Amino acid sequence: MNSPWADWDHVLKVDPDKDLVDDETFDDVCETGTDAIEIGGTLDVTSDKMRRVIDACRTHDVPLYQEPSNPAVVVDDDALDGYLVPVVLNAGDVAWVTGAHKEWVRIDTIDWSRTTTEAYIVLNEEASVAELTDADCEQTADDVAAYAKVAERMLGQEVVYVEYSGTLGDPEKVAAAHDALEEATLFYGGGVHDYDDAYLMGQRSDVVVVGDLLHDEGVEAVRETVEGARDGKAEQ
Ligand SMILES: CC(C)=CCC/C(C)=C/CC/C(C)=C/CC/C(C)=C/COP(=O)(O)OP(=O)(O)O
Ligand SMILES: O=P(O)(O)OC[C@@H](O)CO
Ligand SMILES: [Mg+2]
């Protein structure tokens, strides 16, 4: 099976609804040293905004993935290496577990060879994604570990994603998910602002995802997190 994420340490998540910092371009964004770019966000994403980011990155070598937040924003474009489609395990609204997916499969022709799901465990109740999906964020480390095992062993998920979008997560819960997995790749995302944050989560996950930092502070700050994630992982 083709699982490029098995070799990743760092992913840069570009929100198509957010601006870059002054003077920075998508050429700069593609040169941070990240292993892949994921394009996605919860609020106010449209297929046109998605296309703008894909177009700006298409000539670069960095792998490009779309992370659609609903079926309407999925873009068919050869510049994409694939689609990473969230499934929110602890959603209160089943639409975000299988409902949107069922609709997508019903109305669209899916390129299965380029489509992989990400089993999300959403843990920051303040995040838009928690609100949208009505996620139950009250999860102990044991709960998180159990969700990770459900994802890998029962649902056959290749990617498990501990999501703290907007805030740095509880390292113990991230480590619990990591320890629970045998084969699946653990993504950690949320509140990574600098080398130390990335190092901390790099020690406890397989792939550190950095999002808002790009839009708030820019590519230099992102580059430091690439280093931190790699160094943290090397210490595992
Ligand atoms: C079936 C298809 C094609 C899509 C459905 C996919 C699902 C289940 C989406 C629900 C979860 C979701 C919206 C994921 C998008 C990625 C994500 C978590 C982005 C982070 O968003 P936030 O940081 O909460 O939002 P903003 O930055 O937009 O405020
Ligand atoms: O924006 P931040 O807080 O870096 O979170 C990254 C990512 O996990 C969001 O889906
Ligand atoms: Mg966000």
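Since we're looking at a predicted model, the values are computed, not measured. Counting convention: from 1, in listed order, for ligands and their atoms alike.
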Under 3.5 Å donor-acceptor, Gln236 side chain and Gly202 backbone: yes
Shared hydrophobic cluster, Tyr65 / Val129 (ILVMFWY, side-chain heavy atoms < 4.5 Å): yes
Ligand 1-proximal atoms of Glu67, by part, heavy-atom distance under 4.0 Å: side chain
Nitrogen or oxygen atoms of Leu43 and ligand 1 under 3.5 Å apart: yes
Test item: side-chain donor near acceptor, Asp15 and His215, under 3.5 Å: no
Lys/Arg-Asp/Glu bridge criterion (N-O < 4.0 Å) met for Asp216, Lys18: no
Spacing of NZ belonging to Lys102 relative to CD1 belonging to Ile107, to within rounding of 0.5 Å: 9.5 Å
Contact (N/O only, under 3.5 Å) between His101 and ligand 1: no
Asp143 bridged to Lys173 by N-O distance under 4.0 Å: no
Approximate separation, where rounding is to 0.5 Å, of Phe187 CZ and Tyr120 OH: 9.0 Å
Under 4.0 Å to a heavy atom of Pro86 - the qualifying atoms of ligand 1, by number: 6 (C), 7 (C), 8 (C), 14 (C)
Inter-residue atom distance Thr34.OG1 - Leu12.CG, 0.5 Å rounding: 5.0 Å
Numbered atoms and elements of ligand 1 in range of Val129, under 4.0 angstrom, heavy atoms: 11 (C), 12 (C), 18 (C), 24 (O)
Interfacing atoms of ligand 1 (cut-off 4.0 Å, heavy-atom, Asp15): 27 (O), 28 (O)
Nearest-0.5 Å distance that lies between atom CD in Glu38 and atom CH2 in Trp5: 10.0 Å
Donor on one side chain, acceptor on other, Ser3 and Glu158, under 3.5 Å: yes
Close N or O approach (Val85, ligand 1; < 3.5 Å): no
Glu227 with Arg230: basic N within carboxylate O range, under 4.0 Å: no
N or O pair under 3.5 Å between Ser165 and ligand 1: yes
Short side-chain to backbone donor-acceptor contact, Lys13 and Ile39, under 3.5 Å: no
Sub-3.5 Å N/O-N/O distance, Thr167 and ligand 2: no
Set of residues satisfying side chain to side chain donor-acceptor pair (under 3.5 Å) with respect to Asp136, sequence neighbours excluded: none
Heteroatom distance test (Lys13, ligand 2): nitrogen or oxygen, under 3.5 angstrom: yes
Close N or O approach (Gly211, ligand 2; < 3.5 Å): yes
Any N/O pair Gly166/ligand 2 closer than 3.5 Å: yes
Option with minimal heavy-atom separation from atom 8 (O) of ligand 2, where the choices are Tyr188, Tyr164, Tyr161: Tyr161
Polar contact flag, side-chain donor to acceptor under 3.5 angstrom, Tyr164-Asp170: no
Ligand 2 N/O within reach of Gly191 N/O, cut-off under 3.5 Å: yes
Among Asp108, Val209, Val88, Thr42, closest by any non-hydrogen atom to atom 21 (O) of ligand 1: Thr42
N or O contact, Ser165 vs ligand 2, cut-off under 3.5 Å: no
Where ligand 2 meets Asp212 - atom numbers and elements under 4.0 angstrom, heavy-atom basis: 1 (O), 2 (P), 4 (O)
Test item, Pro68 contacting ligand 1 (heavy atom, 4.0 angstrom): yes
Atoms in ligand 1 with a heavy atom of Lys18 nearer than 4.0 Å: 27 (O)
Polar contact flag for Tyr120 and ligand 2 (N/O pairs, less than 3.5 Å): no
Contact (N/O only, under 3.5 Å) between Tyr120 and ligand 1: no
Numbered atoms of ligand 2 (with element) below 4.0 Å of Gly189, judged on heavy atoms: 8 (O)
Atom indices of ligand 1, in the order listed, that fall short of 4.0 Å to a heavy atom of Ser128: 24 (O), 25 (O), 26 (P), 29 (O)
